[in-house]
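Data block below; observations after.
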There are 2 protein chains.
Amino acid sequence: MKDRMTPAVRMTGHTQRGQCAKRMSILDAAADVFCRQGFAGASIDEIAAVACVSRQTIYNHYREKETLFVAVVEDVMNRANAMLFSVLSTFPDRADDLEDELTAFAVRLNKNCICNHDGKFLRKLVQTEGERYPHLFESWRQQGPGKLTTALSALLGRLAHKQALVIDDFDVAARQFVALGNADLQMMILLGATPTDEELEKAARNAVHTFLKAYGKPEVEKAGQPPQLAAISG
Amino acid sequence: MKDRMTPAVRMTGHTQRGQCAKRMSILDAAADVFCRQGFAGASIDEIAAVACVSRQTIYNHYREKETLFVAVVEDVMNRANAMLFSVLSTFPDRADDLEDELTAFAVRLNKNCICNHDGKFLRKLVQTEGERYPHLFESWRQQGPGKLTTALSALLGRLAHKQALVIDDFDVAARQFVALGNADLQMMILLGATPTDEELEKAARNAVHTFLKAYGKPEVEKAGQPPQLAAISG
DNA sequence: GTAAAACTAGACGCCATTGTCTAAAACGTC
DNA sequence: GACGTTTTAGACAATGGCGTCTAGTTTTAC
């Protein structure tokens with residue numbers, strides 16, 4: 001009756017089919033309400049209502065509001081991280097159709113990691129509560145977007161090694177790839193709106209086009225489609 | 001005694017040296033507290049304490065918390081807009097030393113419009129309360145960063161007309177210029193940290209370097225891919 | 001089927017905050 | 001120096017949220 005709320009159980013033991021469902025329902029509802037109202041503005045009652053759960057149940061699982069908040073952030077962070085690495089694993093490996101491949105990758109990255117629910121939640125919460133919970137978001141910083149540019153840097157390095165790109169500083173290029181990918185979506189990202197597939201496609205195409213003008217291989221630029229001419233291509 | 005709080009007076013009339021000082025002190029304190037705690041988390045008492053003012057004085061000037069919040073947002077928006085256009089007026093006009101000029105401009109833009117107090121405040125508040133006060137932030141969207149890319153687009157067009165740049169879509173290029181300028185600062189921007197002058201300088205240099213690789217005039221570019229030189233510099 | 005565990009609904013005390021009110025003090029102006 | 005305005009400090013009720021408790025119901029396990 002007192003050690004009921006061990007948060008690490010989730011996938012083990014015996015009595016967690018109903019329990020687990022409740023827990024996830026609470027986490028989802030809490031993420032929703034925290035995201036909309038912020039930590040201070042969110043009320044346990046509203047979370048309970050959204051989760052279709054008694055308020056007491058929340059207090060049974062998560063001792064207090066702050067515990068719930070931490071659990072929510074960790075949950076969303078884990079999901080977001082898994083998705084991020086899943087998307088990163090689809091980074092193009094060969095130089096064929098590089099522009100199209102990179103564009104498709106940028107679309108996946110934006111759609112599944114940056115413009116989705118979890119991305120919005122994390123961005124918003126890091127900004128609003130990051131100063132209040134430094135340890136929590138330190139791990140986000142080191143495992144989330146930090147890992148993103150690190151991993152992207154390595155992947156770009158692979159392409160450069162294969163002579164498909166010409167890059168002097170891989171970290172900078174990685175950050176710029178991400179930044180360019182978001183350039184056209186900044187407003188929507190800030191307001192939390194969800195871009196349409198067309199907008200995603202167009203933003204990615206603009207981004208990759210410019211990225212390749214800056215980092216694309218100058219000489220071999222074949223006639224496949226030099227739409228706007230790389231820097232010195234004939 | 002009852003029509004004491006007309007908010008439009010500020011610069012006219014007779015009895016507002018002390019009043020005006022109080023008002024500004026309250027606005028500054030409220031901006032600080034709202035920015036740190038959000039609307040729901042901010043308490044009038046804390047704002048009063050920071051402003052070194054009685055709580056009742058706040059209620060005298062701004063009828064209720066929401067009125068104060070709206071006034072703060074408008075105040076910060078006006079300041080930020082003035083600063084933005086002041087910085088935009090320093091956009092380089094000639095093709096000489098384009099890389100250095102653009103870099104210095106990017107530094108000014110980041111330092112005075114994006115990484116400063118007002119920028120942080122607006123970004124944070126737009127994201128947290130934008131959905132709750134759509135009309136307020138609609139004007140921000142149309143007068144702030146919206147105007148930024150519009151204006152930048154025109155300025156880039158001027159340079160392109162002078163054959164210093166090769167740009168097909170000015171709006172896209174403007175958004176990408178801003179995005180590249182922020183690429184290296186994303187993390188700090190999100191956490192609300194203030195970059196040092198060296199970081200600002202380096203970020204701007206990386207951004208402009210890549211921007212010119214993509215949009216710089218191609219002609220004199222020699223085959224060996226000059227590592228640090230601008231595209232059109234000797 | 002039974003017992004233990006989990007869930008529900010509601011009441012409760014507590015505390016922080018909002019917004020009002022009042023009486024006294026400080027201020028500025030003539 | 002007197003008067004009107006502004007500011008102050010504190011008391012005040014009202015509200016709402018947090019976290020606890022209890023009693024009753026449902027679900028789960030064996």
Please enumerate all residues that pass ring-ring contact (aromatic ring centres under 6.0 Å, His included) together with B:Phe170, with sequence neighbours excluded.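 Partners of B:Phe170 under the ring-ring contact (aromatic ring centres under 6.0 Å, His included) test: none.
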
When you check the gap from the basic side-chain N to the acidic O, do [X] and [Y] get nearer than 4.0 Å?
| X | Y | answer |
| --- | --- | --- |
| A:Arg23 | A:Asp28 | no |
| A:Asp93 | A:Arg158 | yes |
| A:Arg175 | A:Asp169 | no |

Please determine whether a side-chain nitrogen or oxygen atom of B:Thr57 lies at a distance below 4.0 Å from atom OP1 or OP2 of D:dT8. yes

Gap between atoms [atom1] and [atom2], on [X] and [N] respectively (whole Å):
| X | N | atom1 | atom2 | value |
| --- | --- | --- | --- | --- |
| A:Lys22 | D:dT26 | NZ | P | 13 Å |
| A:Asn60 | D:dT27 | CG | P | 17 Å |
| B:His61 | D:dT7 | NE2 | C1' | 9 Å |
| A:Ile58 | D:dG17 | CD1 | P | 13 Å |
| A:Arg63 | D:dC21 | CZ | P | 14 Å |

Distances under 3.5 Å between nitrogen or oxygen atoms of protein and nucleotides 11-15 of chain D:
| residue | atom | partner | partner atom | Å |
| --- | --- | --- | --- | --- |
| D:dA11 | N6 | B:Arg55 | NH2 | 2.9 |

Drop me the distance from A:Leu125's CG to B:Gln127's CD, to the nearest 0.5 angstrom. 9.5 Å

Of the listed D:dT7, C:dT18, C:dT8, the closest approach to the B:Tyr59 side chain comes from C:dT18

In terms of side-chain heavy atoms of A:Gln56, which of C:dC7, C:dT8, D:dG19 is nearest?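 Looking only at side-chain atoms, A:Gln56 lies closest to C:dT8.
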
Polar side chain donor-acceptor pair, [X] to [Y], under 3.5 angstrom:
| X | Y | value |
| --- | --- | --- |
| A:Glu138 | A:Tyr133 | no |
| A:Asn78 | A:Glu74 | no |
| A:Gln56 | A:Asn60 | yes |

Taking ring pair (Phe, Tyr, Trp, His ring centres under 6.0 Å) as the cut-off, I'd like each qualifying pair that reaches into residues 22-46 of chain B, sequence neighbours left out, listed once.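 Of all non-adjacent pairs touching residues 22-46 of chain B, those that pass ring pair (Phe, Tyr, Trp, His ring centres under 6.0 Å) are B:Phe34-B:Phe39, B:Phe34-B:Phe69, B:Phe39-B:Phe69.
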
Applying side-chain contact (heavy atoms from CB on, under 4.5 Å), can you list everything that pairs with A:Lys111, at least two apart in sequence or on another chain? A:Asp197, A:Leu200

Between B:Tyr62 and B:Leu27, is any pair of side-chain heavy atoms under 4.5 Å apart? yes

Expected output is a numbered-order residue list: members of residues 64-73 of chain B with a heavy atom under 4.0 Å from any atom of DNA chain D. What is it?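 Contacting residues: none.
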
Kindly state which residues belonging to residues 35-49 of chain B come within less than 4.0 angstrom of DNA chain C, counting heavy atoms of the residue only, listed by number.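 Per residue number, the list reads B:Ala42, B:Ser43, B:Ile44, B:Asp45.
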
